[in-house]
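Protein chains get the first letters and strands the later ones, always in sequence-line order, with residue 1 at the start of each. In this text, all values refer to a predicted model and were calculated from it rather than measured experimentally.
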Amino acid sequence: MNYEISKEAIDIQAIINKVVRRDVGAITTFIGTVRELTKGKKTLFLIYEAYESMAVKKLEQIGKEIEERWQGSVVAITHRVGRLEITDVAVVIAVSTPHRADAYEANRYAIERIKEIVPIWKKEHWEDGESWMGNQLETVAYPKGRPEEKDLNE
Amino acid sequence: MNYEISKEAIDIQAIINKVVRRDVGAITTFIGTVRELTKGKKTLFLIYEAYESMAVKKLEQIGKEIEERWQGSVVAITHRVGRLEITDVAVVIAVSTPHRADAYEANRYAIERIKEIVPIWKKEHWEDGESWMGNQLETVAYPKGRPEEKDLNE
Amino acid sequence: MNKVMFFAHLRDKVGKECLLIEASGKTVAELKAEITKEYSLDKMDTVMTAINEEFAGNEEIIQDEDVIAFIPPVSGG
Amino acid sequence: MNKVMFFAHLRDKVGKECLLIEASGKTVAELKAEITKEYSLDKMDTVMTAINEEFAGNEEIIQDEDVIAFIPPVSGG
């Protein structure tokens with residue numbers, strides 16, 4: 001169960017424990033927390049929604065991509081859904097690798113891929129309204145109906 | 001107390017908590033664990049020794065370097081000393097930054113700098129002996145008696 | 001029959017989490033066009049489609065019992 | 001008087017954590033050479049020196065009460 005969508009607060013240590021190995025000395029984590037200000041606008045809280053069964057599959061896919069690309073790596077990812085307050089942890093990515101440079105690169109790859117292909121959406125709530133967030137610039141279109149190779153490998 | 005040398009097991013969550021900020025959404029950690037095999041040789045356990053007061057100063061220096069180079073970043077580092085078993089956590093580096101790419105780069109910078117300038121030494125114990133480890137290749141000489149600018153900026 | 005799922009702003013616009021539609025034999029593009037028209041959806045060129053939890057191209061033909069999901073630009077992480 | 005500290009393999013070789021030596025007026029290089037000779041130390045070109053917990057160059061002159069530390073290649077992390 002290295003890839004999960006969680007309705008409860010994420011236990012970071014538990015995610016790290018999933019990637020500890022006797023023969024691997026480097027673990028990196030990425031922890032995404034809810035930020036109060038985005039472009040000067042004050043967020044009160046967030047709602048994360050997921051297409052849960054597909055989101056877990058896509059997290060697994062990202063893990064497989066990493067384990068193929070960075071030999072000997074082990075990955076665990078948990079993304080939270082539901083209502084999150086400022087500073088709450090939205091996502092934890094843990095990656096262990098034999099070489100420490102890889103642990104950073106592979107982890108970075110995971111967060112970028114999550115933002116591309118994992119069906120999870122964020123609704124920001126402000127004092128004066130609320131809105132579903134698209135990808136950060138809303139500039140990516142999928143004329144063929146799915147992500148293209150180009151998008152997937154960036 | 002964001003920079004510490006610890007004789008006890010490191011509480012990773014406690015280190016992360018030191019860098020959580022309301023206006024920062026990205027935190028990375030690096031967790032260095034004790035590896036069983038190094039170049040095919042089986043380690044039984046390690047002893048870490050530090051020149052503790054200077055090590056804390058050098059960790060603080062690394063934190064300052066990062067906070068100057070990556071605007072808005074916050075750093076916390078704890079390194080353990082004493083006897084460590086296989087998979088025990090030797091070092092935890094937590095960095096929060098406004099932009100996630102910076103969180104990876106700044107964290108990577110911290111571990112590389114620790115390996116250059118922080119007075120901590122590792123003694124490996126094997127079935128057939130023990131030895132203090134130098135820098136990984138033992139190729140760096142300091143003819144002037146201290147690290148040179150070139151070494152410090154690599 | 002086919003289950004068609006909506007998320008995020010599409011769910012708000014359609015007003016339902018899912019619909020039951022007879023879509024077998026249609027392409028993804030055809031179904032997308034129908035739904036777009038019926039619910040006056042916009043920016044549909046940024047919306048991906050999944051069949052049975054895998055991303056699907058516009059030309060793919062929907063089979064009976066396939067579960068279709070329209071996936072707006074994601075914002076997890 | 002000056003406290004001179006040793007770590008890791010240097011400590012093992014010297015057999016002590018620290019020495020009390022009258023070193024004021026000497027340069028770091030001079031003190032290093034004396035110690036190297038007295039305790040038959042080798043690879044001393046890879047050993048850094050700290051005065052009062054800051055790295056110091058070979059030409060720096062030691063003052064009374066300065067704490068000197070010989071810092072073998074570090075292996076933390």
Quickly, which of B:Asp11, B:Thr29, B:Thr28 forms a side-chain contact (heavy atoms from CB on, under 4.5 Å) with B:Ile16? Name it, please. B:Thr29
Can you confirm whether or not the ring centre of A:Trp70 sits under 6.0 Å from the ring centre of A:Tyr109? yes
When rounded to the nearest 0.5 angstrom, what is the spacing between NE2 in A:His79 and CD1 in A:Ile120? 4.0 Å
Check whether A:Ala26 gets within reach of chain B through its side chain, its backbone, both or neither, counting any heavy atom under 4.5 Å. both
Output the option from A:Gln13, A:Arg21, A:Arg22 having the highest count of non-hydrogen pairs under 4.5 Å with chain B. A:Arg22
Please identify, among A:Ile12, A:Asp23, A:Leu37, A:Thr87, the residue contributing the most non-hydrogen atom pairs under 4.5 Å to chain B. A:Asp23
Quick test of your reading of the model: are A:Lys123 and A:Glu49 salt-bridged, counting only N-O distances below 4.0 Å? no
Is the closest basic N to carboxylate O distance between B:Lys7 and B:Glu52 below 4.0 Å? yes
Under 4.5 Å from a heavy atom of chain A, the part of B:Ala101 involved: both
Flag the one option from B:Val20, B:Thr38, B:Val24 with the top tally of heavy-atom pairs under 4.5 Å to chain A. B:Val24
Do you know which of B:Ile86, B:Ile93, B:Val91 has the most heavy-atom pairs with chain A at a distance under 4.5 angstrom? B:Ile86
